[in-house]
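Following: one structure in structure tokens, then a few remarks.
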Amino acid sequence: MSIFKKKINEFPAPYTCKNAVKKGGLETKLSMALMGFGNIVHGQIIKGLLYLAIEIAYIVFMAVNGIGFIGGLRTLGTVKQQEVWDEAKQIYLYTKGDQSVLILLYGVTTILLTILMILVWRGALKSAYKAECLQKKGMHVNTFAEDLKSLLHENLYRLFMTPPTAFIFVFTVLPLVFMICMAFTNYSRIGNHLMLFDWVGLDNFKTLFDSGSILGSTFWSVLGWTIVWAFFATFSNYIFGMILSLLINRKGTRAKGFWRFCFVLSCAVPMFVSLLIMRTMLQPEGAINVLLRNIGLNASDASLPFFTDTTWARVTVIIINIWVGVPYTLLQLTGVLQNIPEELYEAAKVDGANAFQTFTKITLPYMLYVTTPYLIVTFTGNVNNFNVIYLLSGGDPVTNLSSTAGKTDLLVTWLYKLTIDKQYYNIGAVIGIMTFIILAIGALFTYRNSKSYKEEGGF
């Protein structure tokens, strides 16, 4: 069965744009061109004037700047910055040229404002049609003051949800669309396209997917390691945290609080501090290598290649991630185990189930049922686990000097290096899109597998 189910509208609303166009009166249909006209006719003067003011403001904005902003998206600017010698001052002066970043940003913002305006227009049309229907039925039509009062009662959710929605629109949707558009440009230090750049279509995607190019081979290598890392970092923490929680919560374990305290103590130290300390200790001249030399396990001039060998570095970051991540999993699963009904275990014992059957049929299905959202969030976080990789290994080791990524770099740390260090903003945008796709596929895969397991497990 598909996880996507068709939405069933149990309470159909008669006040729709379709009904307004087909069944609405003249004043309602005029509201399609003159927003708020229907509300004014039916006594909602202030509300109608507000709709009309919004429409006028949008038209003025589009006439003054909006059309120019959208038109600029076609070329993203054509005037280059010029260097002119000033004889009087005996210096070079720079004339102002087009800035493609601002042109793209203003154009995308104008398009999103137009979409928002369409939504407001639909709301105005439905509001006019609703006022018309209520008046025809002899029912009361709310005044502006009554509409404001309703925001504290039946429409309280709109009052509380509007500010967060606005912030999401400005700080999430707008940057996301801007980044997606950037992936189809040549905005990069390559060719000196930092001030003025053009549309290049799918060229960036072709470059990234071409395993024969340096960027392409690096992408596939980093992508493979990112998937391996996310899998092991997620399920190693989950499995070890499960084992610890089962051992501590078993009836025969004494001083349960003391053992929990020992493992959870690391949570009291900020993670970045722990990672930096471990990075220092694992250096060639760090505490661990010096200790191994002093006790004779290493030669006097030898060091374990924690961050200089590919295999060692990858195993090291996974083990350190287990150390910093298991306490959180332990806390999660301890709460789950303590809430499993004891009657289930007693019934299983009466039926003759052994410890393994009890675990696979009761404990594990219950834990997966409760912690599936946690697994999805953990997998997503590990794909984007910037702190552990960047603060611990820095992406090292770098075995290919022509490559822009190390052997422990994830897509997110490679993206950081490409954009901040190399200024390859277009390739960074493509990697951001690919990271989002991987997260979506991984979350869907984890959800569907856990759902299938719960259904088959019979819990």
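Atoms considered below: every heavy atom in the structure, side chains included; atoms not considered: hydrogens, waters and symmetry mates.
A donor-acceptor pair is defined here as one N or O able to donate and one able to accept, closer than 3.5 Å; such a pair exists between the side chain of S150 and the backbone of D147. Side-chain atoms of W229 never come within 3.5 Å of backbone atoms of V383 as a donor-acceptor pair (strictly under, hydrogens ignored). Judged by distance alone, with hydrogens and angles left aside, the side-chain atoms of T162 form no donor-acceptor pair with the main-chain N or O of L159 at under 3.5 Å. Put simply, the side chain of T408 gets close to the backbone of D396: a donor and an acceptor are under 3.5 Å apart. No side-chain donor-acceptor contact under 3.5 Å links W259 to the backbone of N249. With S100 contributing its side chain and F197 its backbone, the two residues share a donor-acceptor pair below 3.5 Å. The backbone N or O of D409 sits nowhere less than 3.5 Å from a side-chain atom of T413 that would complete a donor-acceptor pair. With hydrogens and angles ignored, the 3.5 Å screen pairs a side-chain donor or acceptor of S31 with a backbone N or O of G38. Using modelled atom types, one side-chain atom of N204 and one backbone atom of T185 make a donor-acceptor pair closer than 3.5 Å. No donor-acceptor distance shorter than 3.5 angstrom exists from the side chain of T253 to the backbone of K256, with no hydrogens or angles considered.
Residues M32 and W121 have side chains in contact (heavy-atom distance under 4.5 Å, counting atoms from C-beta outward). Within the 4.5 Å cutoff, no side-chain heavy atoms of T316 are placed close to those of S393. When side chains are defined from C-beta on, R260 does not count as touching L331, because their heavy atoms never get closer than 4.5 Å. Contact annotation: the side chain of F178 approaches that of M182 to within less than 4.5 Å [non-hydrogen atoms, C-beta and beyond]. Under the 4.5 Å side-chain criterion, counting only non-hydrogen atoms from C-beta, L148 is in contact with L151. Using a 4.5 Å heavy-atom cutoff, the side chains of D98 and T75 are not in contact. Taking the side chain as every heavy atom from C-beta outward, Y390 and L410 never approach each other to under 4.5 Å. By the 4.5 Å heavy-atom criterion applied to side chains, C17 and Y129 are not counted as neighbours.
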### Task
Show your working on side-chain contact (heavy atoms from CB on, under 4.5 Å) between I320 and L275 and close with a plain yes or no.
CA-CA 8 Å; I320 298 301; L275 293 174; 4.0 Å; yes
### Intermediate values then yes/no, side-chain contact (heavy atoms from CB on, under 4.5 Å), F37 and L26
CA-CA 10 Å; F37 181 76; L26 178 61; over 6 Å; no
### Task
Please report the C-alpha distance between L73 and I111 in whole Å, then the side-chain angles of each, then the deciding distance to 0.1 Å, and finally whether the side-chain contact (heavy atoms from CB on, under 4.5 Å) criterion is met.
CA-CA 10 Å; L73 292 175; I111 292 176; 3.6 Å; yes
### Task
Go through the steps for L134 and Y15 under the test side-chain contact (heavy atoms from CB on, under 4.5 Å), then give the verdict.
CA-CA 10 Å; L134 292 177; Y15 311 119; 3.8 Å; yes
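Annotation for F240: atom CZ does not count as buried by contact number, only 12 or fewer foreign heavy atoms lying within 6.0 Å. Residue-environment remark: CZ (F160) stays at or below the threshold of 12 foreign heavy atoms within 6.0 Å. Counting heavy atoms of neighbouring residues, nucleotides and ligands inside a 6.0 Å radius, atom CD1 of I45 does not exceed 12 of them. By the neighbour-count criterion of 12 heavy atoms within 6.0 Å, atom OH of Y106 is sparsely surrounded, having that number or fewer from other residues, nucleotides or ligands. Other residues, nucleotides and ligands contribute only 12 or fewer heavy atoms inside 6.0 Å of the NZ atom of K407. By the neighbour-count criterion of 12 heavy atoms within 6.0 Å, atom CZ of F272 is sparsely surrounded, having that number or fewer from other residues, nucleotides or ligands. No more than 12 heavy atoms of other residues, nucleotides or ligands sit less than 6.0 Å from atom CD1 of I214. The environment of H140 atom NE2 is dense: over 12 non-hydrogen atoms of other residues, nucleotides or ligands sit within 6.0 angstrom.
Shortest non-hydrogen contact noted between A20 and L125 is CB-CG, 3.9 Å. Residues L411 and L223 approach most closely at CD1-CD1, 4.0 Å, considering heavy atoms. Considering every non-hydrogen atom in both E132 and K23, the closest pair reads OE2-O, 4.4 Å. In plain terms, the two heavy atoms of P327 and V264 that are nearest each other are CB-CA, 4.1 Å. The two residues L194 and Y187 come nearest to each other via the heavy atoms O-CE1, 3.3 Å. For I70 against M62, the heavy-atom pair with the smallest separation is CD1-CE, 3.9 Å.
Residue F235 is tested with F232, F231, Y238 for a ring-ring contact (aromatic ring centres under 6.0 Å, His included); the sole match is F231. Partner Y425 forms a side chain to side chain contact (heavy atoms under 4.5 Å, CB included) with one of L418, T419, N186, V101 and no other, that one being T419. When each of N321, N382, T329 is tested with T234 by the rule side chain to side chain donor-acceptor pair (under 3.5 Å), just one qualifies, namely N382.
Classified by interplanar angle (parallel below 30°, tilted 30° to 60°, perpendicular above 60°), the ring pair F219/F209 is tilted. A tilted orientation is assigned to the rings of F205 and F184, their planes being inclined by 30° to 60°.
Taking CZ of F263 as the reference point, atom CZ of F258 lies at 10.0 Å (rounded to 0.5 Å). Note that SG of C133 is 10.5 Å distant from NZ of K130, once rounded to the nearest 0.5 Å. Atom CD1 of I54 sits about 11.5 Å away from atom CG of L49, to the nearest 0.5 Å. Distance CD1/I248 to CD1/I243: 12.0 Å, rounded to 0.5 Å. Distance check, rounded to the nearest 0.5 Å: CZ of F436 to OG1 of T380 gives 10.5 Å. To the nearest 0.5 Å, atom CZ of residue R189 and atom NZ of residue K422 are 6.5 Å apart.
At a cut-off of 3.5 Å, with distance as the only test, no side-chain donor of S213 or T207 sits close to an acceptor on the other residue.
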